Amino acid sequence: MYGWIRKEVVQDTYLQEHWQQKSTTFNDWTSKNFNARLAVNYTINENSALGIRYDYHKTPYSNALMETNTDVYRDGALSEKTYSPNIIDNGSEYHQVNAYYNGRVKDWSIDLNLDGYWDKSDKASYLDEKTELADGSDNNRYVSIFNDIDNTLYAARLILSRPLWGGELSFGGEYTYTNRRNINLNPEGIVSDDDSRIRENMGAAFVEYSRKFGSVQALAGLRYEYNASDYFEKDIRVDEQSKNFSNLFPTLSIAFPVNRVNFQLAYRTDIARPSYWDLRSSVLLINKYTYETGNPLLAPKFTHNFTLGATYRWLQLSVGYNRVKNDILNVTSLYDENDPTIMLMSLANAEAYDKILAGVTLSPTIGIWKPQWRFQLNKQWYDIQTPQGNLSLDNPMGTIIWNNNLSLPLGFMLDADFMYTSKGDMKNGRFLKPSWRMDMALQKSLLNDKLNIRLDATNLFNSYKRDFMMYVSNMQTMHMTEEPNNCTIRLTVRYKFNTTKSKYKGTGAGESQKNRM
């Protein structure tokens with residue numbers, strides 16, 4: 001796999017003097033991946049089945065070169081120029097095992113899943129910085145950083161369900177244990193070494209009841225989660241960064257028809273816990289002027305969701321309101337008070353804010369043509385302190401998606417997809433220009449669907465570019481122009497040796513914790 005990205009960043013820092021950094025970064029990477037899966041399923045009888053599945057993934061080779069040119073200005077006068085190529089080598093592998101039992105005993109349905117997950121990755125970066133000062137002198141340095149991550153997860157989930165009072169009752173529990181170790185070494189001593197570990201135990205209990213009352217379908221559910229996280233530095237527990245959370249998450253929905261229109265009204269509470277990478281305390285070097293770290297004190301993000309939807313034949317309408325608490329934002333600060341040119345990028349929880357969403361989807365079928373039009377509008381109300389004072393980030397942001405599927409002669413299928421995104425505000429940032437992209441794919445199945453040949457072209461006109469202003473603190477702003485991934489052409493050939501549909505019924509456990517890794 002090959003990819004590249006070009007990025008221009010202008011960073012303004014307002015202290016006693018105005019410091020400005022103008023950087024251009026070109027990053028390209030190549031990687032090789034290997035995947036394997038082995039699954040065994042045994043059907044005991046028509047009501048019971050069990051099985052086990054093993055997944056293996058390995059990235060033996062992943063190499064990237066990130067070249068950055070930076071000009072630093074002090075009150076408008078050029079202070080220094082730096083060229084910093086950074087060679088990054090990555091390797092990773094994971095093993096995952098899922099075992100399940102799915103069965104029925106009298107009126108009870110039983111769904112049991114047991115999971116194990118083991119992940120290791122290593123990363124080495126070699127940064128060679130060459131700096132020319134305004135007086136013509138040089139200031140060069142070499143920085144190497146080695147990062148190793150080791151993850152372990154064990155999870156179990158049990159769901160029991162049965163008919164009750166004309167509806168269906170489901171309840172159960174889930175338990176997840178995770179252990180993550182992060183080791184970061186810098187032989188030159190420019191940033192501190194780190195040997196940290198996060199150990200978490202999460203238990204959950206949930207209940208859900210659904211029932212129809214004539215043409216009305218109602219559902220109510222409640223989930224309770226308890227999460228105990230212990231943070232260790234060199235195997236010594238750090239109390240301030242060790243946290244316990246206890247939360248309730250209700251779910252309510254009602255669906256009903258009015259003439260030929262189907263309506264659904266729903267409320268739910270979602271949680272998004274920060275990834276383990278975001279919780280790290282180790283510091284990485286992007287270049288001479290930009291360091292990056294996590295924040296072990298981050299709290300989970302909570303969202304209260306209210307939605308109303310309506311469906312009539314191939315037309316769907318939806319509106320929603322979100323109350324967002326503890327959203328996770330990119331922020332910056334000075335890494336060294338004595339050197340205002342070095343920025344430390346980190347993360348922080350935001351103040352609570354509100355969002356509204358509205359969308360309409362049209363999905364008709366017109367002969368051999370199946371188009372889909374999606375119009376989405378998002379608007380937030382978020383205030384932030386900037387170097388120029390308080391700023392309200394409340395400009396709406398719209399998205400237009402036009403997907404097309406055509407059944408062509410001789411069994412060919414053509415997909416042509418278009419996406420347009422307007423300028424507008426998102427979190428603590430502002431998109432200054434609209435962007436668009438076009439993707440296409442042509443495929444054909446042969447040999448009774450055993451052989452499938454597919455040709456994909458993504459970002460066909462190399463049009464997808466982003467122009468983004470991020471307000472990262474009350475003394476700094478970052479203006480980023482990004483050109484990700486040139487047009488990509490991919491040919492995929494698949495052959496099914498066994499066309500029988502898989503009877504494996506394992507659904508996994510601890511999925512949210514796996515995603516955090």
Side-chain angles (χ1 to χ4, degrees), residues 47 100-113 155-176 202-227 245-273 300-325 354-361 363 374 376 378 505-513 515:
N47 294 321
Y100 82 91
Y101 170 77
N102 188 282
R104 176 177 291 274
V105 179
K106 295 184 178 179
D107 290 337
W108 290 94
S109 294
I110 304 169
D111 185 3
L112 173 66
N113 277 266
R157 187 186 66 190
L158 174 65
I159 301 176
L160 304 174
S161 58
R162 61 159 297 162
L164 182 67
W165 302 329
E168 182 171 83
L169 173 69
S170 298
F171 63 93
E174 186 172 18
Y175 170 76
T176 306
M202 189 189 78
F206 43 86
V207 60
E208 182 179 280
Y209 182 71
S210 62
R211 182 177 174 181
K212 292 191 68 173
F213 299 89
S215 60
V216 178
Q217 177 75 47
L219 180 146
L222 186 65
R223 179 182 175 92
Y224 169 77
E225 285 189 6
Y226 179 78
N227 184 288
F245 295 99
S246 181
N247 305 107
L248 282 172
F249 306 102
T251 300
L252 297 169
S253 71
I254 183 171
F256 55 92
V258 177
N259 294 325
R260 299 176 65 182
V261 180
N262 293 313
F263 290 89
Q264 184 179 46
L265 181 64
Y267 164 76
R268 74 177 189 275
T269 304
D270 292 336
I271 184 172
R273 303 185 188 275
K301 169 188 172 182
F302 292 93
T303 306
H304 296 275
N305 301 278
F306 298 87
T307 58
L308 174 63
T311 303
Y312 174 72
R313 298 179 62 190
W314 41 262
L315 175 64
Q316 295 181 341
L317 300 172
S318 63
V319 294
Y321 163 77
N322 293 344
R323 177 66 173 175
V324 185
K325 180 182 178 183
D354 301 308
K355 294 198 309 182
I356 58 171
L357 310 92
V360 56
T361 302
S363 307
R374 171 71 177 170
Q376 177 87 30
N378 299 338
K505 300 178 181 180
T507 54
E511 293 302 316
S512 63
Q513 295 293 78
N515 293 334

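Both backbone and side-chain heavy atoms feed into the values below; hydrogens, waters and symmetry mates do not. Quick caveat: nothing in here was measured; it's all calculated off a predicted structure.
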For Ser246 against Tyr226, the heavy-atom pair lying closest together: CB-CD1, 4.1 Å
Between Glu225 and Asn227, a side-chain donor and acceptor under 3.5 Å: no
Side chain to side chain, Val207 and Leu169, heavy atoms closer than 4.5 Å: yes
Distance in Å, Asn322 CG paired with Asp270 CG, rounded so as to fall on 0.5 Å steps: 8.5 Å
Side chain to side chain contact (heavy atoms under 4.5 Å, CB included) partners for Pro257, two or more places apart: Ser215, Asn262
Nearest non-hydrogen partners of Phe249 and Asn247, listed with the distance: CZ-CB, 3.4 Å
Gap between atom NZ of Lys301 and atom NZ of Lys325 - 0.5 Å precision: 14.0 Å
Test item: side-chain donor near acceptor, Arg157 and Thr507, under 3.5 Å: yes
Criterion side chain to side chain contact (heavy atoms under 4.5 Å, CB included) on Val324 and Lys355, from CA distance to verdict: CA-CA 8 Å; Val324 185; Lys355 294 198 309 182; 4.3 Å; yes
From Arg104 atom CZ to Arg162 atom CZ, the distance as rounded to the nearest 0.5 Å: 10.5 Å
Under 3.5 Å donor-acceptor, Arg211 side chain and Trp165 backbone: yes
Shortest non-hydrogen contact between Val261 and Ala310, atoms and distance: CG1-CB, 4.1 Å
Parallel, tilted or perpendicular: rings of Trp108 and Phe171 (30°, 60°): perpendicular
Nearest non-hydrogen partners of Phe206 and Leu158, listed with the distance: CZ-O, 4.0 Å
Side-chain touch Glu174/Arg223, heavy atoms, less than 4.5 angstrom: yes
Worked check of side chain to side chain contact (heavy atoms under 4.5 Å, CB included) between Ile254 and Val216: CA-CA 7 Å; Ile254 183 171; Val216 178; 3.6 Å; yes
Distance-minimising heavy-atom pair for Tyr267 and Pro250: CE2-CG, 3.8 Å
Between OG on residue Ser253 and CD on residue Gln217, distance to nearest 0.5 Å: 7.5 Å
Heavy-atom pair of closest approach, residues Arg273 and Pro300: NH1-CG, 3.8 Å
Glu511 side, atom CD; Thr176 side, atom OG1 - distance, nearest 0.5 Å: 9.5 Å
Rounded distance (nearest 0.5 Å) linking atom CG of Leu265 with atom CG of Leu308: 6.0 Å
Worked check of side chain to side chain contact (heavy atoms under 4.5 Å, CB included) between Asn113 and Asp111: CA-CA 7 Å; Asn113 277 266; Asp111 185 3; 3.0 Å; yes
4.5 Å side-chain heavy-atom contact, Pro163 and Asp107: yes
